[in-house]
Amino acid sequence: MTAVLAHGLGGSTDLPIPFTYALIGASWALTASFVVLAFAWRTPKLDPDNPGRRLPGWVTRFADAQATRNVLAAVGVVFAVWVALAAFLGPAESSENALPGAFYVLLWVGLVAASLAFGPVWRVLSPVRTVHRSVCAAIGRSPAENDARYRNSWGYRPAVAGLFAFVWLELASGDPGSVAAVRTWLLVYVVVTTAGAFLCGERWCERGDPFEVYSTLASRLSPLSRDRPSGRIVLRNPLDHLGSMPVRAGSVALMATLLGSTAFDSFSAFPWWSRLVDGIGSPIGATLARTAGLLVFVGFVGVSFWVASRATGGLRPEQRAALPGQLSHSLIPIIIGYVFAHYLTYLVEKGQATVILLADPLGRGWNPLGLGDAEVWYVLSEHPAASASIKVLFVLAGHVLGVIAAHDKSVRLLPRGHQLTGQLALLLTMVTYTFGGLYLLFGG
């Protein structure tokens, strides 16, 4: 399977309409949505404190029951041990080992899908959290006892470092599919996250664990959330919930890392870039070139968003300085849209192959789940036009929702005389993201 197919991408020839029409149409749709918002949405309408629609009480009781939490925590630990068997005792060839698929597909992409559907699931499934809580219970200590050691100035920065380490392994390292490389990365992750949990309490998990931060970020678009006063599970407009994303140090860097890395993944499929990197000759030189490319894309997203967010008048310097963080949640729908546009085929088809391999983690012919003769159903690859259309819709929907979130927050934050003009630079930036994202997704 080629790298392009492995990442679930199609070419522009798969689109049911000309590629240029898709680019122009998407950009016009985004601009038109802003014009409509500018005239029809003049006061804030999204409310993070909106109580939503309460679900039956048994839903909350079931979700919060200790038995439910224990079962889910045990599932997370058992799954981690099962994957560890493949990591340390399974086949050496990555094509025959379930570890790379479990790491890049089920964990990285599947976690986003699960968090969109059910909320921040990594808080319950995380094996590190389970071990930390179990040890604290055994020694009679509260898991949150050391929370105060986690400095507020750290914000999301430890998680950003972890997320960048993940995307660097996937997109810039010399052999991202290597079982040894993935195993080493996970060992470092477990050691660092476990040490952080014991030294800085559960706050490290909430703000420093890259997978938990990523899961929580994706859950901001879930229709399921908690009513703040009562803690009851409710159905809520995801855009209301989106605005509840806390603003902390590293918020913009967090969004830039996730969005920029996905864009670079698409860019790396361009033949001329592949030829350029391959022509370097030195493995270290090729890795440095890919690392530089990744940093350029992440930096472009971060700097362009930071500049566009601040390009408004009528504010004091300290108010303008706070705008990038306050508006950073508007990038979450764009990030989620790109994740599914870019990795949808990867999740559906490579995910099936990974589950089949997980049924026999040691490669010894085990067949406890009856999957020994199962075959992957290439449902999306066999329908490229439909797949390409779905990807365009994901990108467009993410950008439209991002424009709505940014507009509502801008109306709330900007002085009345600057509420329209103060958003123009951000709109232009988002149109650039849309145009560039579709070009990178299909132009290669």
**Student:** Step by step, work out the side-chain contact (heavy atoms from CB on, under 4.5 Å) result for V301 and M255.
**Tutor:** CA-CA 8 Å; V301 173; M255 307 302 171; over 6 Å; no
**Student:** Is there a donor in the side chain of S126 and an acceptor in the side chain of E212, or the other way round, less than 3.5 Å apart?
**Tutor:** no
**Student:** Assess, by modelled atom type and distance only, whether the side chains of S268 and R290 contain a donor and an acceptor separated by less than 3.5 Å.
**Tutor:** no
**Student:** Check L99 against A87 and note the closest heavy-atom contact, atom names and distance.
**Tutor:** CD2-CB, 3.7 Å
**Student:** I'd like to check the side chain to side chain contact (heavy atoms under 4.5 Å, CB included) partners of T262; sequence neighbours left out, ordered by chain and number.
**Tutor:** Y338, H342, Y343
**Student:** So, R207 and Y156: side-chain donor and acceptor under 3.5 Å apart, yes or no?
**Tutor:** no
**Student:** Do F211 and V128 have side-chain heavy atoms sitting under 4.5 Å apart?
**Tutor:** no
**Student:** Yes or no on ring pair (Phe, Tyr, Trp, His ring centres under 6.0 Å) for F198 and W204, after CA distance, side-chain angles and deciding distance?
**Tutor:** CA-CA 9 Å; F198 281 102; W204 175 274; over 10 Å; no
**Student:** Check this for me: does any side-chain nitrogen of one of D227 and R53 sit under 4.0 Å from a carboxylate oxygen of the other?
**Tutor:** no
**Student:** In terms of side-chain geometry, is the basic nitrogen of R123 or E206 positioned less than 4.0 Å from the acidic oxygen of its partner?
**Tutor:** no
**Student:** Kindly say whether Q66 contributes a backbone atom to a donor-acceptor pair with the side chain of N70 at under 3.5 angstrom?
**Tutor:** yes
**Student:** Check the pair F305 / L327 against side-chain contact (heavy atoms from CB on, under 4.5 Å), numbers first and verdict last.
**Tutor:** CA-CA 9 Å; F305 183 82; L327 291 169; 4.0 Å; yes
**Student:** I need the single residue from L347, L169, V109 that forms a side-chain contact (heavy atoms from CB on, under 4.5 Å) with Y104. Which is it?
**Tutor:** L169
**Student:** Kindly determine whether F270 and Y439 satisfy ring pair (Phe, Tyr, Trp, His ring centres under 6.0 Å), including the steps that lead there.
**Tutor:** CA-CA 11 Å; F270 277 67; Y439 178 74; 5.6 Å; yes
**Student:** Say whether S115 and S219, considering side chains only, have a donor N or O and an acceptor N or O under 3.5 Å apart.
**Tutor:** no
**Student:** Just wondering, do F264 and V298 contact through their side chains at under 4.5 Å, heavy atoms?
**Tutor:** no
**Student:** Checking H132 side chain against A197 main chain: does a donor-acceptor pair fall under 3.5 Å?
**Tutor:** yes
**Student:** Are Y214 and F166 close enough that their ring centres sit under 6.0 Å apart?
**Tutor:** no
**Student:** Between P176 and V182, what is the shortest heavy-atom contact and its length?
**Tutor:** O-CG2, 3.6 Å
**Student:** One pair to check against side-chain contact (heavy atoms from CB on, under 4.5 Å): T60 and L55. What are the steps and the verdict?
**Tutor:** CA-CA 8 Å; T60 302; L55 295 177; 5.9 Å; no
**Student:** Decide, yes or no, whether a salt bridge links R133 with E202 under the criterion of side-chain N to carboxylate O below 4.0 Å.
**Tutor:** yes
**Student:** Work out which heavy atom in D147 is nearest to a heavy atom in R203; give both atom names and the distance.
**Tutor:** OD1-N, 3.1 Å
**Student:** Are W273 and F267 an aromatic pair, judged by ring center distance below 6.0 Å?
**Tutor:** yes
**Student:** Should the heavy atoms of other residues, nucleotides or ligands under 6.0 Å from CZ of R412 be counted, would the total exceed 12?
**Tutor:** yes
